[in-house]
Amino acid sequence: MLSNISWGNYLVTVLVLLLFWYIIVILKFYLAPLKELLKGNTKLKFFKTPKAPADEHSKDLFGEFKEPFDTLQDARELYYKLEKAISEAVLNNLSGIEFKNYVKFILDEYPYVRRSALREKINSLMVSECSKHPQLILTYPEMDGLWDETIS
């Protein structure tokens with residue numbers, strides 16, 4: 001009986017079974033991404049694309065400091081609060097004045113960052129992040145003025 005099966009038929013059968021096996025594996029483990037791909041919501045990415053320069057800038061904002069210190073921790077915390085404030089302002093469609101008051105309120109909580117060299121880094125970060133949203137555009141002098149307008 002086995003002598004009736006040729007090597008060609010055997011290889012075709014093995015290839016068809018492997019094809020069905022991989023189809024089952026793909027459907028089991030990659031069904032959701034496959035649906036998104038077929039809908040056109042995502043694109044195939046064969047190679048990693050470099051990140052946008054603005055994202056690298058924001059991640060490397062504190063990279064030059066090797067050892068953490070209190071003001072650096074405060075600056076990081078302030079950075080995350082300001083990023084959150086920007087996203088909240090965009091979601092709630094705040095006006096420019098309301099946004100500036102909100103930022104002043106946040107800046108008031110960090111008097112040591114205000115007096116440190118990290119103030120300029122925070123300013124440049126805010127200006128670059130706000131430039132992504134036309135309703136929240138801040139200039140360097142405006143951002144520096146917000147620090148000076150704080151109560152403390």
Side-chain angles (χ1 to χ4, degrees), residues 1-2 4-68 71-110 113-114 118-147 150:
M1 180 174 147
L2 289 178
N4 293 337
I5 300 173
S6 68
W7 280 105
N9 289 340
Y10 174 75
L11 289 176
V12 169
T13 304
V14 168
L15 289 176
V16 169
L17 289 175
L18 279 175
L19 181 70
F20 281 120
W21 171 253
Y22 281 110
I23 288 173
I24 291 170
V25 168
I26 288 172
L27 290 177
K28 180 167 176 70
F29 294 108
Y30 299 103
L31 184 60
L34 187 63
K35 282 182 181 177
E36 294 296 318
L37 182 69
L38 293 176
K39 288 180 183 175
N41 294 339
T42 60
K43 295 181 180 179
L44 281 178
K45 295 179 184 175
F46 293 110
F47 304 104
K48 290 185 176 181
T49 56
K51 294 180 180 178
D55 291 336
E56 290 178 9
H57 172 72
S58 63
K59 288 183 179 177
D60 294 333
L61 181 66
F62 305 107
E64 65 190 66
F65 302 103
K66 300 295 179 204
E67 296 180 21
T71 307
L72 181 61
Q73 296 296 330
D74 287 348
R76 282 188 177 138
E77 188 178 306
L78 174 61
Y79 164 70
Y80 293 120
K81 280 188 175 181
L82 290 173
E83 267 192 331
K84 186 178 173 185
I86 291 170
S87 62
E88 285 178 8
V90 169
L91 285 177
N92 295 328
N93 202 15
L94 294 181
S95 69
I97 294 172
E98 291 172 325
F99 174 68
K100 288 176 185 175
N101 287 333
Y102 188 33
V103 169
K104 275 194 287 189
F105 177 74
I106 294 172
L107 294 177
D108 191 39
E109 298 175 11
Y110 299 92
V113 177
R114 175 183 171 203
L118 296 172
R119 174 178 172 167
E120 290 187 25
K121 288 198 173 268
I122 296 291
N123 288 350
S124 65
L125 173 74
M126 277 297 286
V127 169
S128 67
E129 289 293 319
C130 287
S131 66
K132 296 174 186 173
H133 309 285
Q135 74 271 18
L136 303 177
I137 290 180
L138 277 176
T139 61
Y140 285 101
E142 286 176 336
M143 185 61 199
D144 211 38
L146 291 177
W147 284 99
T150 57

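Nothing fancy with the numbering, it's 1 onward along the sequence. If you're wondering where the values come from, they're calculated on a predicted model, not measured in any experiment.
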Exercise. Side chain to side chain contact (heavy atoms under 4.5 Å, CB included) between K81 and E109: does it pass, once the steps are laid out?
Worked result: CA-CA 11 Å; K81 280 188 175 181; E109 298 175 11; 2.8 Å; yes
Problem set entry | Smallest separation among heavy atoms of I106 and A85, with atom names | CD1-CB, 3.6 Å
For this session: Could you check if a side-chain atom of M143 sits within less than 4.5 angstrom of a side-chain atom of V103, using non-hydrogen atoms only?
Result: yes
Exercise. Can you find a heavy atom in the side chain of L82 that is under 4.5 Å from one in the side chain of L125?
Worked result: no
Exercise. Between I137 and E142, is a side chain to side chain contact (heavy atoms under 4.5 Å, CB included) present by the stated rule, with each step listed?
Worked result: CA-CA 10 Å; I137 290 180; E142 286 176 336; 5.7 Å; no
Exercise. Does atom CD of E120 have more than 12 heavy-atom neighbours from other groups under 6.0 Å away?
Worked result: no
Seminar exercise, completed: To the nearest 0.5 Å, atom OH of Y110 lies from atom CG of D74 at 6.5 Å
For this session: Report yes if some heavy atom in the side chain of L34 is under 4.5 Å from a heavy atom in the side chain of L27; otherwise report no.
Result: yes
Exercise. Going from CG on L138 to NE2 on H133, what distance comes out if it is rounded to the nearest 0.5 angstrom?
Worked result: 11.5 Å
Exercise. Do side-chain atoms of N92 reach the backbone of E88 as a donor and acceptor pair under 3.5 angstrom?
Worked result: yes
For this session: Scan L78, L146, I86, L136 and name whichever one has a side-chain contact (heavy atoms from CB on, under 4.5 Å) with M126.
Result: I86
For this session: Search all heavy atoms of N123 against all heavy atoms of W147 and return the closest pair with its distance.
Result: OD1-NE1, 2.6 Å
Problem set entry | Contacts of W21 that satisfy ring-ring contact (aromatic ring centres under 6.0 Å, His included) - sequence neighbours left out | none
Exercise. Measuring from I122:CD1 to E129:CD, what's the distance to the nearest 0.5 Å?
Worked result: 11.0 Å
Problem set entry | Over all atoms of both residues, closest heavy-atom pair of R119 and V113 | CB-O, 3.6 Å
For this session: Measure the OH-OG distance between Y102 and S95 for me, rounded to the nearest 0.5 Å.
Result: 14.0 Å
Exercise. Does any donor atom in the side chain of Y79 or E83 lie under 3.5 Å from an acceptor atom in the other side chain?
Worked result: yes
Exercise. From I24 CD1 over to F20 CZ, what is the distance, rounded to the nearest 0.5 angstrom?
Worked result: 8.5 Å
For this session: Test Q135 against V90 for side chain to side chain contact (heavy atoms under 4.5 Å, CB included), laying out the working first.
Result: CA-CA 8 Å; Q135 74 271 18; V90 169; 3.9 Å; yes
For this session: Begin from the C-alpha positions of F105 and N101 and carry the test side chain to side chain contact (heavy atoms under 4.5 Å, CB included) through to its verdict.
Result: CA-CA 6 Å; F105 177 74; N101 287 333; over 6 Å; no
Exercise. In this structure, are over 12 heavy atoms from other groups packed under 6.0 Å from L15 atom CG?
Worked result: yes
